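Okay, so here's the structure we're looking at.
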Amino acid sequence: MTSAKIHPVILCGGAGTRLWPVSRRDKPKPFLPLIGETTLFQQAIKRTNDARQFAAPMVVAGEAHADLIERQLADMSCAAKLIIEPAARNTAPAIALAAARLDPTAIMLVCPSDHHIADTAAFCAAASAAAELAEDDHLVSFGIAADRPETGYGYLRRGEPLPGGFVIERFVEKPDLETARAYLGSGDYSWNGGIFAFRAGAFLDELTAHRPDMAELVRRAVDHGDEEGARFNPSSDAFAAITGESVDYAVMENTARAAMVPADMGWSDIGNWAALHDALQSGESGNVAPENGELADCKNVLAISDGPRISAIGLEDVCIIVDGDEVLVTTRDGAQKVGKLSGPNEQ
């Protein structure tokens with residue numbers, strides 16, 4: 001087991017439009033208490049609060065949510081560094097900013113701020129295994145144990161075994177249902193959960209090799225940035241010139257050092273209302289309802305309200321969401337399309 005502490009890097013990007021109307025631009029999905037009493041962001045921070053294993057976290061976010069993040073960190077008495085992205089440029093530049101602010105030997109654990117993980121012990125065990133591989137300069141993805149033929153996630157195909165993990169033989173885009181069933185049946189595939197571990201210097205080296213312009217602009221943004229207390233502000237001119245790209249496309253699918261660790265930890269990206277429904281506790285009927293709601297002769301219905309009573313009869317596989325003066329009703333299958341409505345884009 002590695003003796004060096006792992007450096008959590010929490011990414012706070014994305015608008016969470018598929019969780020409209022509860023998720024809004026001014027307070028999007030990561031900063032909402034969707035499961036339990038604390039927010040998804042606070043839960044992500046708490047998972048890495050064991051000082052024996054983890055260093056203090058680093059949070060990468062936009063200016064619009066910086067004050068909100070600092071308030072939620074203060075509620076937890078957590079001292080974290082905050083990097084303010086001058087513009088949204090996807091995950092590769094965001095991760096590179098954090099890497100450039102760390103010692104090149106530091107092991108980074110990159111975690112989205114808006115995922116749910118039910119089993120913290122399994123998460124920490126996977127983080128340790130990933131750190132071991134990262135110390136050997138592998139760039140490591142968490143391979144989430146697939147329990148259904150999911151068409152909404154990318155997949156990782158396992159290759160040759162490594163200590164605590166596997167070589168990634170292939171990255172696979174979101175499949176159709178028949179292909180997803182074949183992946184599940186083969187036992188060779190895991191979901192790509194968007195959680196990564198690598199040595200900061202190794203990541204920057206790979207970024208320089210595969211996206212040299214991005215790497216150079218990130219270096220300029222950091223070199224010409226400034227600190228204000230716990231906040232670091234990269235140079236906006238240099239960072240804004242970057243062409244945004246995900247870390248998967250920019251680095252992970254290009255490196256010859258891609259590896260994965262298997263992680264069976266009750267993971268969900270809470271990507272839509274159906275995913276939240278699955279993550280919440282429900283009885284035999286599969287229903288989830290507010291205390292003042294009533295679901296009669298219903299099955300697999302999610303009902304959430306910030307006040308008005310919800311009553312429903314004879315429904316199946318439906319989500320009903322009330323927030324303020326907005327009401328959303330969708331089938332579970334339709335939940336993926338909520339972000340395409342005009343409402344989320346007029347927030």
Side-chain angles (χ1 to χ4, degrees), residues 2 4-14 30-31 40-51 53-62 65-66 69-70 72-73 76 78-86 88-115 117 120 123-124 126-128 130-131 133-135 137-142 192-207 214-215 218-219 221-222 225 227 230-234 239 242 244-248 250-252 261 263 269:
T2 178
K5 289 188 179 182
I6 300 167
H7 292 257
V9 175
I10 311 299
L11 303 182
C12 295
F31 311 114
L40 295 175
F41 168 71
Q42 289 174 318
Q43 290 167 21
I45 293 290
K46 187 176 180 181
R47 278 191 290 273
T48 62
N49 69 352
D50 186 343
Q53 183 177 10
F54 299 103
M58 182 178 287
V59 180
V60 185
H65 301 127
I69 286 168
E70 289 181 337
Q72 293 201 355
L73 288 170
M76 304 176 70
C78 176
K81 297 289 187 180
L82 181 56
I83 297 178
I84 305 297
E85 286 183 283
R89 291 295 182 265
N90 214 318
T91 53
I95 293 168
L97 284 176
R101 293 286 292 166
L102 290 168
D103 186 283
T105 64
I107 302 299
M108 307 169 60
L109 180 66
V110 178
C111 302
S113 61
D114 57 355
H115 290 183
I117 294 173
T120 297
F123 165 82
C124 291
S128 290
L133 288 171
E135 282 198 328
D137 282 351
H138 288 287
L139 279 70
V140 188
S141 292
F142 277 38
N192 184 354
I195 304 172
F196 306 96
F198 20 71
R199 188 173 58 80
F203 176 79
L204 291 175
D205 288 344
E206 291 287 341
L207 187 68
M214 182 187 296
V218 168
R219 288 191 188 95
V222 171
E227 287 189 80
R231 295 189 186 189
F232 178 76
N233 298 285
F239 196 78
I242 293 172
E245 194 172 13
S246 74
V247 66
D248 292 282
V251 175
M252 296 302 295
V261 294
D269 70 345

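When reading the values below, keep in mind they use all heavy atoms of this one structure, side chains included, and skip hydrogens, waters and symmetry mates. Computed from a predicted model, the values in this text were never measured in an experiment.
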For this session: Start with the C-alpha gap between R101 and H7, add the side-chain angles, then the distance that decides, and say whether side chain to side chain contact (heavy atoms under 4.5 Å, CB included) holds.
Result: CA-CA 11 Å; R101 293 286 292 166; H7 292 257; over 6 Å; no
Exercise. Run the side chain to side chain contact (heavy atoms under 4.5 Å, CB included) check on F123 and L109 step by step: do they pass?
Worked result: CA-CA 11 Å; F123 165 82; L109 180 66; 3.8 Å; yes
Problem set entry | Evaluation steps, side chain to side chain contact (heavy atoms under 4.5 Å, CB included), between F239 and E85 | CA-CA 8 Å; F239 196 78; E85 286 183 283; 4.1 Å; yes
Problem set entry | Evaluation steps, side chain to side chain contact (heavy atoms under 4.5 Å, CB included), between D269 and D114 | CA-CA 7 Å; D269 70 345; D114 57 355; over 6 Å; no
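Taking every heavy atom of both residues into account, A126 and F142 meet most closely at CB-CE2, 3.6 Å. Between M252 and L139, the closest heavy-atom pair is CE-O, 3.4 Å. Nearest heavy atom pair, residue P93 against residue I242, reads CG-CG2, 3.7 Å. The heavy-atom pair separating G62 from I84 by the smallest distance is C-CG2, 4.2 Å. A80 and L73 get closest at one heavy-atom pair: CB-CD1, 3.8 Å. Smallest separation of non-hydrogen atoms from P112 and I195: CD-CG1, 3.9 Å.
Rounded to the nearest 0.5 Å, atoms CE (M76) and NZ (K46) are 7.0 Å apart. Distance SG/C78 to CD1/I69: 11.5 Å, rounded to 0.5 Å. With rounding to the nearest 0.5 angstrom, the OG1 atom of T48 is 5.0 Å from the CD1 atom of I10. Between the CD1 atom of I95 and the CZ atom of F196 there is a distance of 6.0 Å, given to the nearest 0.5 Å. To the nearest 0.5 Å, atoms CG (L133) and CZ (F198) are separated by 13.5 Å. We find the CG-SG distance between L11 and C111 to be 8.0 Å, quoted to the nearest 0.5 Å.
With contacts defined as side-chain heavy-atom distances shorter than 4.5 Å, the pair I83/V9 does not qualify. Side chains of C124 and Q53 form a contact here, defined as non-hydrogen atoms less than 4.5 Å apart.
Screening V110, L102, L82 for a side chain to side chain contact (heavy atoms under 4.5 Å, CB included) with M58, the sole residue that qualifies is L102. Each of I107, D103, L204 was compared with R199 under the side chain to side chain contact (heavy atoms under 4.5 Å, CB included) criterion, and only I107 meets it.
Using modelled atom types, one side-chain atom of T91 and one backbone atom of V247 make a donor-acceptor pair closer than 3.5 Å. Within the 3.5 Å criterion, the main-chain N or O of A94 finds no donor-acceptor partner in the side chain of R89. Using modelled atom types, one side-chain atom of Q42 and one backbone atom of Q72 make a donor-acceptor pair closer than 3.5 Å.
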